[in-house]
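Structure record follows, encoded as structure tokens.
Just so it is clear, the structure is predicted and the values come from calculations on it, not from any experiment. Lettering follows sequence order; numbering is per chain, from 1.
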Number of protein chains: 2
Amino acid sequence: MAGLRERKKARTHAAISDAAIALFLDRGYDQVSVAEVAEAAEVSKRTVFAYFPAKEDLVVHRFADHEAEQARVVRGRPPGTGPLTALRDHFLAGLRDRDPVTGLNDVPQILALTRMVRETPALRTRAVRFQEGAGKALAQALRETAGVPELTARLAATQVVAVHWLLSMDNHRALADGQSADDRFSAALADADHAFAVLAEGLAGYL
Amino acid sequence: MAGLRERKKARTHAAISDAAIALFLDRGYDQVSVAEVAEAAEVSKRTVFAYFPAKEDLVVHRFADHEAEQARVVRGRPPGTGPLTALRDHFLAGLRDRDPVTGLNDVPQILALTRMVRETPALRTRAVRFQEGAGKALAQALRETAGVPELTARLAATQVVAVHWLLSMDNHRALADGQSADDRFSAALADADHAFAVLAEGLAGYL
DNA sequence: TGCAAAAGTACACCGGGTGCAAGAAAAAGC
DNA sequence: GCTTTTTCTTGCACCCGGTGTACTTTTGCA
């Protein structure tokens, strides 16, 4: 099925990304030029941009799959379960599984990569843009599967995405400060529980 | 007090910004280079960057004052008023006053500028970053004046800022589609009321 | 009026990103 | 197997945003 052409393309794609990430982790994102990445991947600079629309994508394309994750969760929730419950349970499960998107993964490579995204403005910006996409998809899922009016759906989606991001950043920061994922786990659970409770019950009871 | 030096600087600052915005509104942000702005303002390109750290700031510096607005509202609320109530009332008052930050201002210049910010990725990104700052300031205000624990404060701040943005984008879109501010007003009020109610009472009751 | 500090300028440079045209390689047709 | 055609890659020149630097001009003040 996969012609030689496709396989080669896939290999080149991976080679470029791998070379880029290795260099970035070694010397820092801003300290590595695309030209250097091209050289390391034994490809021309022009080809790098043929595979990746922008420098940031050399890193963030790895997270692209998760853009529609929350929408999927809402769509695939067991009948009788509220969307918010499903989203919370999914996040809690992610914590237990040390899913990188929860920020609770202390595998050095992943930790370093996450830190890079967090600390490099250009990458953070790109990550934020992914969240906008996630929010839109989630809002649509809420509208279609829970019969929620549009404004409410967008509101809820925005909040869920923001909470998700906030929690994962907190977890990541704890790990970046030296805590192990196992050490952080219970606090991460508590924080997530609290955050989703606030979301469900409203701010009125907490302010 | 204002020496000649300072006055001249202020004038140059304004001249550059004015020239830039005029050009941008005329031909589009991306279609105008900084060199052209410099030329129009009768200044060297280097001087433009002496006054504005980046091209985007030629536009967004005008919004910079509002970064701490929500924090101010929380800090200055009348005793006995909850922070969320104060924030809602302030937003509703902004709608009545056609405050541009609510998106409900149809003065052509302002409308065009807002539209530009909304539609130009680089500018939107910069605007989002301002919101991060607003969120941080608001979280701190909540912590200090309402005795809210840190996580809750950051959570609440993030949500308030997000809601604010969402509402103003909706209003702006309505006006951009040709509605007058007066026509949109009642729907804007209703939307804001609803959004703040969801925020206060939680998503559980709405999903 | 003379002088130090501040502001503005010219210029060379870097890095991200694109358009283009020509060359290399794979796929399709015979 | 060979040609033709399509797709990929490359090198090159170029644009634009942004910065370092060294030089000239302006301004405040003694």
Side-chain angles (χ1 to χ4, degrees), chain A residues 1-21 23-24 26-61 116-117 120-127 129, chain B residues 1-21 23-24 26-61 116-117 120-127 129:
Chain A
M1 283 305 132
L4 198 161
R5 201 157 219 148
E6 323 243 336
R7 271 179 290 147
K8 202 171 175 185
K9 270 186 89 170
R11 255 191 300 132
T12 307
H13 185 93
I16 295 174
S17 171
D18 290 349
I21 288 180
L23 284 173
F24 292 160
D26 185 37
R27 291 170 32 212
Y29 180 81
D30 290 317
Q31 277 62 56
V32 178
S33 74
V34 174
E36 289 175 284
V37 170
E39 198 179 358
E42 293 178 324
V43 164
S44 76
K45 175 185 157 193
R46 203 70 188 69
T47 298
V48 172
F49 285 113
Y51 280 87
F52 299 90
K55 188 185 180 187
E56 299 99 49
D57 294 291
L58 289 166
V59 177
V60 300
H61 77 99
M116 200 172 77
V117 174
T120 307
L123 293 177
R124 261 232 331 254
T125 292
R126 196 65 146 220
R129 186 135 336 152
Chain B
M1 270 308 133
L4 200 164
R5 201 161 216 146
E6 324 244 336
R7 270 179 292 147
K8 198 172 177 185
K9 270 186 88 170
R11 256 191 300 132
T12 307
H13 185 95
I16 295 174
S17 172
D18 290 350
I21 288 181
L23 283 173
F24 292 160
D26 185 36
R27 289 169 35 210
Y29 180 82
D30 290 318
Q31 276 62 56
V32 178
S33 74
V34 175
E36 288 175 284
V37 171
E39 197 179 359
E42 294 179 322
V43 164
S44 76
K45 175 185 157 194
R46 203 68 185 72
T47 298
V48 172
F49 285 113
Y51 280 87
F52 299 90
K55 188 186 180 187
E56 299 99 45
D57 293 290
L58 289 166
V59 177
V60 299
H61 78 98
M116 200 171 77
V117 173
T120 308
L123 293 177
R124 262 232 330 255
T125 292
R126 196 67 144 219
R129 184 131 343 149

Problem set entry | Neighbour count >12 (heavy atoms, 6.0 Å) for atom CD, A/Glu39 | no
Measure [atom1]/[X] against [atom2]/[N] and give the value in whole Å, please.
X	N	atom1	atom2	answer
A/Glu6	C/dA27	CD	C1'	11 Å
B/His13	C/dG8	NE2	P	12 Å
B/Arg7	C/dA6	CZ	C1'	17 Å
A/Glu42	D/dG11	CD	C1'	17 Å
A/Arg11	C/dA25	CZ	P	14 Å

Exercise. Contacts to DNA chain D from residues 43-56 of chain A, heavy-atom cutoff under 4.0 Å, which residues?
Worked result: A/Val43, A/Ser44, A/Arg46, A/Thr47, A/Tyr51
Exercise. Of the residues in residues 28-37 of chain A, which ones touch DNA chain D at a heavy-atom distance under 4.0 Å?
Worked result: none
Problem set entry | Partners meeting side-chain contact (heavy atoms from CB on, under 4.5 Å) with B/Ala50 (sequence neighbours left out) | none
Problem set entry | Residue list, side-chain contact (heavy atoms from CB on, under 4.5 Å) with A/Ser17, at least two apart or on another chain | A/Ile21, A/Phe52, A/His61, A/Arg62
Mind checking what makes side-chain hydrogen bond (donor to acceptor under 3.5 Å, both in side chains) contact with [X], not counting sequence neighbours?
X	answer
A/Arg126	A/Glu56, A/Asp57
B/Thr47	B/Ser44
B/Arg46	none
B/Arg129	A/Thr125

Problem set entry | ring pair (Phe, Tyr, Trp, His ring centres under 6.0 Å) partners for B/Tyr29, two or more places apart | B/Phe24
